[in-house]
Amino acid sequence: MPPKRFPDRDEIAPVRAEAETLEPGVEGREERRLAGRVLARREMGKLVFLDLVDRSGRIQLLCPADRTGPVDVHLGDIVGVAGRPTKSRRGEPSLVVDSLELLARIRSPLPDTFHGLTDVEQRYRRRHLDLLMNEETRNVFLLRSRMIAAIRRILDEDGFVEVETPVLQPRYGGAFGRPFVTHHNQLNHDLYLRIATELYLKRLIVGGLEKVYEIGRVFRNEGVDYKHNPEFTMLEWYEAYADFRDTMERFEHLVERVALEVIGTTRVTYRGHEIDLKVPWRRVKLVDALEEHGLWTQDEHELRNRLEDREIDTTEDKTWAQLVDHALTNYVEPRLVEPTFLYEYPVQLSPFARLVDGSTDMVERFEGYIGGTEVSNAFSELNDSVEQAERFAMQEAEGAGGNVEAEPGDPDYVEALSYGMPPTGGLGLGIDRLAMVLSGSDSIRDVILFPALRERTS
């Protein structure tokens, strides 16, 4: 039977780096223990060459018959070895092996080890093989992990407290989206998988925690495309005594710091664009952006006609707010390539944001865009319980007008606000979308380990 453990192992990357410093044929003084998967085998007389791969990288193993005996290893087997760093005669960093143990035998053949797993559908369905065969895939998900760790560290250093809020909620809210519904047998009532963490996090601001954040999965029963997956990861933070301009500044500095820490530069290549994430980001008013395309009007009939004149199908847009969103999606967002904050939104699109001073119909909200993709959404949070109740009523009318994603309302949240919430800046960041930007991935499915896929029919 193979051993149940292989203790005291080293990672390949530092052992390879150690071997780099040696002259060909010279062995290091210290024994190193490595474990991983064999992804290549070559033989030259009484010398067997193996390529060993672990999470950190790849190294060549030199297995002389007089040290290891016969090497009964198949491609894909998992082995543990002990030996000393060296360089081959051709200068390849290696480990010359003194002992080799089989830890797990492969039972199914690997894909072609030269071409790897190249079928995109199979890469998503069989992520275990994608990770095994494609170093680029492993690097993307290691980058994502480092990115999330950096975000947490920065927010912690800035005095935020990480919290957890319910995934199963008696009411859904905090965003425009259709929920997934489930049923609790013991309580005998339906619950919703959260579409956002917002309304619970702001209760904590009322409770005096002042600076809170959560990184967690949220669920929206929506379509799938290059930037949408029904299950995704969201960062939301809320900061008392701040507004949306403070939040803009905090966010752009966060992205710059994370980029420098994770990839060592603020310059990225995303969806065919060379982009610099350094501060400050461009700031553009939503009204100005729509007027540039001749699409700003508060008359629903007129806006519909303007869109249809451009051969935009508006049959699914039942309200003025949906038409505005359609205009933004088609004409404004794709052109926001350099990091940009689009700000000051109509109140109909923003039920949780405070009004712009002196305005009755525009609110203090921004969305952050990189490479034509929305990555963040933020407000100066509405903190008046009476006005919030009125906004929910406005959204109820929006829903009655045919917008199935309208905010359903939450009287418990209104009750919490009635105890007084300090002025607050809040933000939601799509973790998956920022991972796409930093890794240069064109599809959200490339940065989610197990994306949603249609069932196979055969």
Side-chain angles (χ1 to χ4, degrees), residues 171-181 192 195-196 198-199 218-223 225 227-228 230 244 284-334 336 342-356 359-367 369 374 377-382 386-411 413-414 428:
R171 297 182 182 87
Y172 67 94
F176 294 140
R178 284 181 283 187
F180 291 94
V181 187
Y192 301 94
I195 65 171
E198 176 171 348
L199 301 188
V218 294
F219 309 85
R220 297 182 189 173
N221 200 347
E222 59 190 11
D225 60 28
K227 61 181 178 179
H228 290 97
F244 82 133
V284 178
K285 281 189 177 183
L286 176 142
V287 171
D288 294 342
L290 286 173
E291 281 186 339
E292 184 179 337
H293 297 283
L295 290 171
W296 173 248
T297 173
Q298 292 179 289
D299 182 278
E300 179 182 337
H301 181 70
E302 185 178 355
L303 181 53
R304 188 180 301 276
N305 285 341
R306 291 184 189 182
L307 288 170
E308 290 179 350
D309 285 345
R310 303 176 190 213
E311 299 183 350
I312 300 295
D313 182 6
T314 65
T315 54
E316 297 300 318
D317 302 319
K318 307 301 183 184
T319 66
W320 176 80
Q322 288 181 302
L323 290 168
V324 171
D325 190 59
H326 207 153
L328 289 171
T329 300
N330 280 270
Y331 288 95
V332 176
E333 294 180 7
L336 301 179
L342 194 65
Y343 71 100
E344 292 188 7
Y345 278 59
V347 66
Q348 294 93 328
L349 291 172
S350 314
F352 299 109
R354 293 183 68 158
L355 288 169
V356 173
S359 175
T360 59
D361 56 5
M362 303 300 288
V363 297
E364 293 189 348
R365 172 188 176 186
F366 74 80
E367 291 182 307
Y369 289 86
E374 177 206 341
N377 184 28
F379 315 134
S380 295
E381 302 294 335
L382 181 59
V386 173
E387 187 175 356
Q388 184 64 74
E390 292 171 352
R391 296 283 188 86
F392 280 142
M394 179 191 300
Q395 282 295 299
E396 185 177 358
E398 179 79 9
N403 186 350
V404 297
E405 295 186 350
E407 182 67 42
D410 187 337
Y413 173 66
V414 173

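The shown structure was predicted, so the numbers you read here are calculated from the model rather than taken from an experiment.
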### Task
Kindly write out the residues that satisfy salt bridge (charged side-chain N to carboxylate O under 4.0 Å, His left out) with E364, not counting sequence neighbours, or none if the list is empty.
none
### Summary
Hits for side chain to side chain donor-acceptor pair (under 3.5 Å) against Q388, two or more places apart or cross-chain, chain-then-number order -> none
Show every donor-acceptor pair shorter than 3.5 Å between a side-chain atom in residues 319-327 and any protein atom, with sequence neighbours excluded, or say none if there are none.
unit_1: T319; atom_1: OG1; unit_2: Q322; atom_2: N; d: 3.3
unit_1: T319; atom_1: OG1; unit_2: E398; atom_2: OE2; d: 2.4
unit_1: W320; atom_1: NE1; unit_2: T297; atom_2: O; d: 2.9
unit_1: Q322; atom_1: OE1; unit_2: K318; atom_2: N; d: 2.6
unit_1: Q322; atom_1: OE1; unit_2: T319; atom_2: N; d: 3.3
unit_1: Q322; atom_1: NE2; unit_2: N403; atom_2: OD1; d: 3.4
unit_1: H326; atom_1: ND1; unit_2: D317; atom_2: OD2; d: 2.6
unit_1: H326; atom_1: NE2; unit_2: N330; atom_2: ND2; d: 3.2

### Query
Which residues pass the ring-ring contact (aromatic ring centres under 6.0 Å, His included) test with F352, sequence neighbours left out?
F392
### Query
Got a sec, which pairs hit salt bridge (charged side-chain N to carboxylate O under 4.0 Å, His left out) with one end in residues 287-308, sequence neighbours left out?
E300-R304, E302-R306
### Task
Name all residues meeting the ring-ring contact (aromatic ring centres under 6.0 Å, His included) criterion together with Y345; count only those two or more places apart in sequence or in a different chain, and write none if there are none.
none
### Message
Which residues pass the side chain to side chain donor-acceptor pair (under 3.5 Å) test with D410, not counting sequence neighbours?
### Response
none
#### Entry: ring-ring contact (aromatic ring centres under 6.0 Å, His included) partners of F219, counting only residues at least two apart
none
### Query
Excluding sequence neighbours, so at least two apart, what forms side chain to side chain donor-acceptor pair (under 3.5 Å) with D309?
none
### Query
Are L295 and R310 close enough that some pair of their side-chain heavy atoms sits under 4.5 Å apart?
yes
### Message
Test of understanding: with salt bridge (charged side-chain N to carboxylate O under 4.0 Å, His left out), list the residues that count as partners of E387, not counting sequence neighbours.
### Response
R391
### Message
Suppose we screen for side chain to side chain contact (heavy atoms under 4.5 Å, CB included). Which residues come up paired with E344, at least two apart in sequence or across chains?
### Response
R245, K285, V356
### Task
Name all residues meeting the side chain to side chain donor-acceptor pair (under 3.5 Å) criterion together with H293; count only those two or more places apart in sequence or in a different chain, and write none if there are none.
none
